[in-house]
Amino acid sequence: MALYHAARHEINAHKRSASSGPQHLKTKKRVKVQLHSRRSSTSIFFKKFTSSSPMSPRSRKKTRKQSNHASKMASEAEKKWLHMTPRSRTQSRARITKVLTDKTLSTYFHEFLRESLCAENFLFWRAVELYKTIDDAGERIKAAEELFDEYIVPESPNMINLPGCMVSAVQLQIVSGKVNCFAEPQETIFQLMQEDSYPKFYKSVQFQEYSKTVKK
C-alpha cells in the first residue's frame, strides 16, 4: 500500500511538472490564439473603447508623440503637395499608384517598407482597397471594425500615424459600414507614401533589383 501511494505521489508530481513545462505553455498559447481569433470575429473595437481601465502614463506619452509625428508628417506632405504643379501632382500620383498596384513592384516596395519599419502604411492602403470590394453591408461593418482594430486603435499591432481628430472621425463612421468611411485616412497614407516613401524607395536596393528584372 505504501508503494502504491508513493507511486501515485510520483505520478502526480510528474503531472504537475509537465503542466508547468513547455507543453503547458504550448497549450496556453493555443488557447490564447483561439480566444484572440474568437474576439476578432466580434466587435473588439467596442471593448477597447469602453474599457474602464485608463491608459498608463507611458502609453499616453507614446500616443501623443505618435499623434504629433503624424500631424507633422501630414503637414509636410501637404506643403509639398501645394507647391507642386498640377502636372507634377498627376505624374507623382501615377508613379505611386503603379507601385501600389503592380504585383511585382508592390512586392519590392513592401519589402523596402518592411525594412524601413513602416510597412503598416502599405498594408493599410491595400486592406482598404480590399474592404471597398465587399458588397454585403453586414460584412463591411465587421471588416471595418477589424480594420480599425488592426491599424488605427492606439497601440494596435500595425498602428498607422494619423492625426487624433481623424481617428475620432473614423471611429464614428465605421459603425455605418459605408464604403468610403476610410477614404480620408487612406488618402493621407497614400500622400505620405507618395511624398516620403516613394522617393526613398526609388533610390533603394529593392528598386534596383526590380529594375534588373524588368531589363531581363
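These numbers come from a predicted model, not from an experiment. Computed over heavy atoms, backbone and side chain alike; hydrogens, waters and symmetry mates excluded.
Within the model, atoms CE of Met193 and CZ of Phe124 stand 9.5 Å from one another, a figure rounded to the nearest 0.5 Å. Summarising the geometry, atom SG belonging to Cys118 is positioned 12.0 Å from atom CG belonging to Asn158; distances are rounded to the nearest 0.5 Å. Here the CD1-CG distance, from Ile160 to Leu162, works out to 4.0 Å after rounding to the nearest 0.5 Å. Here Arg126 contributes atom CZ and Asn121 contributes atom CG; the two are 13.0 Å apart, rounded to the nearest 0.5 Å. A distance of 9.5 Å separates OH in Tyr210 from OG in Ser106, rounded to the nearest 0.5 Å. Interatomic distance, CD of Glu150 versus CE of Met159, reported as 13.0 Å (0.5 Å rounding).
Taking the six-membered ring where tryptophan is involved, the planes of Phe122 and Phe109 are perpendicular, since the angle between them exceeds 60° and thus also 30°. Ring geometry for Phe201 versus Phe207: interplanar angle over 60°, hence perpendicular rather than tilted (30 to 60°).
For the salt bridge (charged side-chain N to carboxylate O under 4.0 Å, His left out) condition, the pairs that include at least one residue of residues 103-115, sequence neighbours left out, are Glu111-Arg114.
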Applying side chain to side chain contact (heavy atoms under 4.5 Å, CB included), run through Gln171 and Ile152 and close with a yes or a no. CA-CA 9 Å; Gln171 178 185 347; Ile152 301 179; over 6 Å; no
Go through Ser156 and Asp149 one step at a time and tell me if the side chain to side chain contact (heavy atoms under 4.5 Å, CB included) criterion holds. CA-CA 6 Å; Ser156 53; Asp149 183 61; 5.7 Å; no
Where do Ser92 and Gln194 land on the side-chain hydrogen bond (donor to acceptor under 3.5 Å, both in side chains) test, with the steps shown first? CA-CA 7 Å; Ser92 181; Gln194 175 184 344; 2.7 Å; yes
When you look at Lys200 and Asp196, which way does the salt bridge (Lys or Arg N to Asp or Glu O under 4.0 Å) test go after all the steps? CA-CA 7 Å; Lys200 296 174 182 177; Asp196 183 66; 3.3 Å; yes
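Contact check for Tyr108 versus Thr213: side-chain heavy atoms found under the 4.5 Å cut-off. Phe112 places none of its side-chain heavy atoms less than 4.5 Å from the side chain of Val205. Counting only heavy atoms from C-beta outward, the side chains of Ile189 and Leu192 approach each other to under 4.5 Å.
With sequence neighbours excluded, no residue forms a side-chain contact (heavy atoms from CB on, under 4.5 Å) with Thr107. When the side-chain contact (heavy atoms from CB on, under 4.5 Å) test is applied to Thr133, no partner is found at least two apart in sequence or on another chain. With sequence neighbours excluded, the residues satisfying side chain to side chain donor-acceptor pair (under 3.5 Å) with Lys132 are Glu129, Gln186. Residues passing the ring-ring contact (aromatic ring centres under 6.0 Å, His included) test with Tyr198: none are found, sequence neighbours excluded.
Neither Ile141 nor Tyr151 shares a network with the other; the hydrophobic side chains, linked directly or stepwise wherever heavy atoms of I, L, V, M, F, W or Y lie under 4.5 Å apart, form separate groups for each. Residues Tyr202 and Leu105 share a hydrophobic cluster, clusters being chains of Ile/Leu/Val/Met/Phe/Trp/Tyr side chains in contact below 4.5 Å.
Atom CG of Asp136 has more than 12 neighbouring heavy atoms from other residues, nucleotides or ligands inside a 6.0 Å radius.
Ion pair Arg95/Glu195 not flagged as a salt bridge, since none of the NZ, NE, NH1 or NH2 atoms sits closer than 4.0 Å to an Asp/Glu carboxylate oxygen.
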Let me have the donor-acceptor pairs involving side chains of residues 174-183, under 3.5 Å, with sequence neighbours excluded, atom names and distances please.
residue : atom : partner : partner atom : Å
Ser176  : OG   : Gln173  : O            : 2.6
Ser176  : OG   : Lys178  : N            : 3.4

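In this structure, Arg140 contributes its side chain and Tyr131 its backbone to no donor-acceptor pair below 3.5 Å.
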